[in-house]
There are 2 protein chains.
Amino acid sequence: MRYSRPVVTLADVARHAGVSTATASRIINNSPKPVAEHLRERVLAAVNELQFVPNANARQLARADRSAVGVIVHDVSDPYFAEITRGLQRVAAEHGRLVIICNSYRDPERELAYVDLLHAHRTAAIVLAGSGYHDTAATARLQHKLRVYRDAGGRVAVVGRHEHTGDAIVPENEKGGYLAGDALYRLGHTAIGVIAGPRHLTTTTDRLAGLQRAAREHRRRITSRHVVYAGFDRDGGVTAAAELLERNPAITALAALNDSMAVGALACLRERGIDVPERVSVIGFDDMPVAVDVTPALSTVRLPLEEIGMRAMALALRGGQGAPTTETAAARLVLRGSTAAAPPQGR
Amino acid sequence: MRYSRPVVTLADVARHAGVSTATASRIINNSPKPVAEHLRERVLAAVNELQFVPNANARQLARADRSAVGVIVHDVSDPYFAEITRGLQRVAAEHGRLVIICNSYRDPERELAYVDLLHAHRTAAIVLAGSGYHDTAATARLQHKLRVYRDAGGRVAVVGRHEHTGDAIVPENEKGGYLAGDALYRLGHTAIGVIAGPRHLTTTTDRLAGLQRAAREHRRRITSRHVVYAGFDRDGGVTAAAELLERNPAITALAALNDSMAVGALACLRERGIDVPERVSVIGFDDMPVAVDVTPALSTVRLPLEEIGMRAMALALRGGQGAPTTETAAARLVLRGSTAAAPPQGR
DNA sequence: ATCTGCCAGGAAAGCGCTTACCTCGGTGCT
DNA sequence: AGCACCGAGGTAAGCGCTTTCCTGGCAGAT
């Protein structure tokens, strides 16, 4: 069934133009080596007539250079990664690089498999974006695979990972958590519920740590009954908010560890007829585009996502020289309508 | 500066294990050909010790099969494509296929370049998602490139394109437009403003055509002063809504040709203190996740985006047999809080 | 004991390119 | 006129794999 069509090769083009493959190749890649004009025309005409499309695999095999770059994210369709990816693509496109995007769906195994895959394809670099895992075994294996990849000449840049093998952009997650917490405490909230992401993600623990620090500074404590871990998405936000409200009716503020969850929390509160921010304040994290379109507009901690992507790709593409760099991406507090002073009865 | 590291090859593995490359290859790819157990162990041990990662390019060159599949979308970070891409990836992953995602950013030139690129990489299939252009020249060139690709053995599947070379999934854009219009007219609206996407996109004209048909059926007309073309995103919605309101103060309903624009319209109305849906009804298109989180929740026309992606990938991956298939994806009206009966003073 | 048959394993021929190296004709010099 | 030199174009050697085809050793049959 699978009859192979007569694929056009460079040899066909050369034959058709009456030159050697060497000359044809030189013309097609316009190499520095000078070639007579009439030959060039003949070859180009042949390329066009035969509709020759050079085999990228053969080409890549023959020359030693690497050009494509791989990107591994949790899920491009998640706005957080969509923003980062946009930045990555932008810079890659400027450099004429092809980007191969892989979704790990937060599965460490799949992540490992993709590193191998990108290594096998001899990509020039791998950009790994997204939280790391609190899973020593998986982390060690990943570290190891990345090291092998680097030893084989690949570059690695990571975004928001602690285990930075290579260059890294680290968003100020702890600092951001602190900013959110500090803002809430300053508004007079004392009972704060935290809608956290998955326990095993470092992003969760980092942001939470910032919140705790703010609490400490304001001589408060965030006990475990004020923290609910859930999926890092809208639905996770809905269920976590519901549980938090159930467990602690006195809560006057909800801090979600990302905007998706915050939006879910808003939905949950709306459904229960709890006014935001009058009765309960809500603050998110990331400042995703949707934040300004929900009602009330979401207060949050802004992370320059697209910029992070751009910087990560720039690091990955810059020459191999120099020691690995670690850059931080600043978190900034953005207050909108979803936060307000704690209501009087909240003490 | 660029000293090449000693890259491990299959030959190294074979030597290290004391076998031929043929045997090593057979073991690594566990080919059907039987191999003695002790050799297998030795080779696998060597692979592990040397951290051998086979060169995918060489492999691809040596065997004739194609495995990766390319996807060209306007922009993955746009929720519309993010949803579709999610579906595409899902099915591809089930088949163990690598997906290469390319963003054309709605630039026909870039689109062409990517087709060449994916062709060069000998991908098994190309999935082209996103509206086509009303640009005969560009369309013809694209058609041509796709034909060359198919002649060379590639498969092509398109989503929402008229010029279907190969398999196609076509969302019911016209029908959806009709549903939106019909719903609005039934609610008693007579002056409807249309927030349209870019003029040169077929998606825009198709959806608009549906709206026009509904108008005709209700013995109304949508004149050009009731239509504003803008960018297919939130900002486009904001500016278009503003202009529409300015031009036709009597408008009681706004139909946006996608949800992003509808969300922008909502923002614009909110800012001007115009109540939705009391004074003005708003309806979107696509039913993106954000639709339920804005206030009021957005009435819209649902398109099964993820499913569309899944079906498109399924078409692209199924064997080459059979004539090109065209499947339609059903549009469905989803009424939420942003639409209501026309206010009395609206006649 | 000799022959046939079988099968595990190896030699080698590509896959479609790039490029180092060689060839050969023409030029400028003595 | 004879030489060295130069440079456009071709020859061929890989790049790292897969796979066809061949080899040689062994078991079973006669």
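Just the heavy atoms: all of them, side chains too, but no hydrogens, waters or symmetry mates, feed the values below. By convention in this document, chain letters (A, B, ...) are assigned in the order of the sequence lines, proteins followed by strands, and residues within each chain are numbered from 1.
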Legend entry - Whether B/Asp167 side chain and B/Thr325 backbone form a donor-acceptor pair below 3.5 Å: yes

Inset, instruction - Select from B/Leu39 and A/Val53 the residue whose nearest nucleotide in DNA chain C is closer to the 5' end of that strand. - result: B/Leu39

Inset, instruction - Output yes when at least one side-chain N/O atom of B/Thr9 is less than 4.0 Å from OP1 or OP2 of D/dG16, else no. - result: no

Listed pairs, N/O of protein and of nucleotides 23-27 of chain D, under 3.5 Å:
none

Legend entry - By side-chain contact (heavy atoms from CB on, under 4.5 Å) - contacts of B/Ala329 (at least two apart): B/Ile169, B/Pro304, B/Ile308, B/Arg311

Inset, instruction - Take atom CG of A/Asn55 and atom C1' of C/dG14, then tell me their distance rounded to the nearest Å. - result: 14 Å

Inset, instruction - Round to a whole Å and report the spacing from CD of B/Gln60 to C1' of C/dG16. - result: 12 Å

Legend entry - Distance in angstrom units between A/Arg15 CZ and C/dG16 C1', rounded: 13 Å

Legend entry - A/Arg40 side chain to A/Ile27 backbone, donor-acceptor under 3.5 Å: no

Inset, instruction - Round to the nearest Å and state the distance from B/Asn57 atom CG to D/dT18 atom C1'. - result: 15 Å

Inset, instruction - Using whole Å, report how far CZ of A/Arg66 lies from P of D/dG16. - result: 11 Å

Legend entry - Backbone of A/Leu118 reached by a side-chain donor or acceptor of A/Thr123 within 3.5 Å: yes

Inset, instruction - Say whether B/Ser77 and A/Arg86, considering side chains only, have a donor N or O and an acceptor N or O under 3.5 Å apart. - result: yes

Polar atom pairs (N or O), protein with nucleotides 18-21 of chain C, under 3.5 Å:
from, atom 1, to, atom 2, distance (Å)
C/dT18, OP1, A/Asn29, OD1, 3.2
C/dT18, OP1, A/Asn29, ND2, 2.9
C/dT18, OP1, A/Arg59, NE, 3.1
C/dT18, OP2, A/Ser25, OG, 2.5
C/dT18, OP2, A/Asn29, ND2, 3.2

Legend entry - B/Arg42/B/Glu37 salt bridge by N-O under 4.0 Å criterion: no

Inset, instruction - Could you tell me the separation between the CD1 atom of B/Ile27 and the C1' atom of C/dG10, rounded to a whole number of Å? - result: 13 Å

Legend entry - Length of the CG-C1' vector between B/Leu61 and C/dC15, whole Å: 4 Å

Inset, instruction - Verify, without hydrogens or angle tests, whether A/Arg155 (side chain) and A/Arg318 (backbone) share a donor-acceptor contact under 3.5 angstrom. - result: yes

Inset, instruction - Run the ring-centre check on A/Phe81 versus A/His74 and record whether the distance is less than 6.0 Å. - result: yes

Inset, instruction - In whole angstrom, give the distance that lies between atom NE2 of A/His119 and atom P of D/dG16. - result: 12 Å

Inset, instruction - Identify whether the distance between the nearest side-chain nitrogen and carboxylate oxygen of B/Arg106 and B/Glu111 falls below 4.0 Å. - result: no

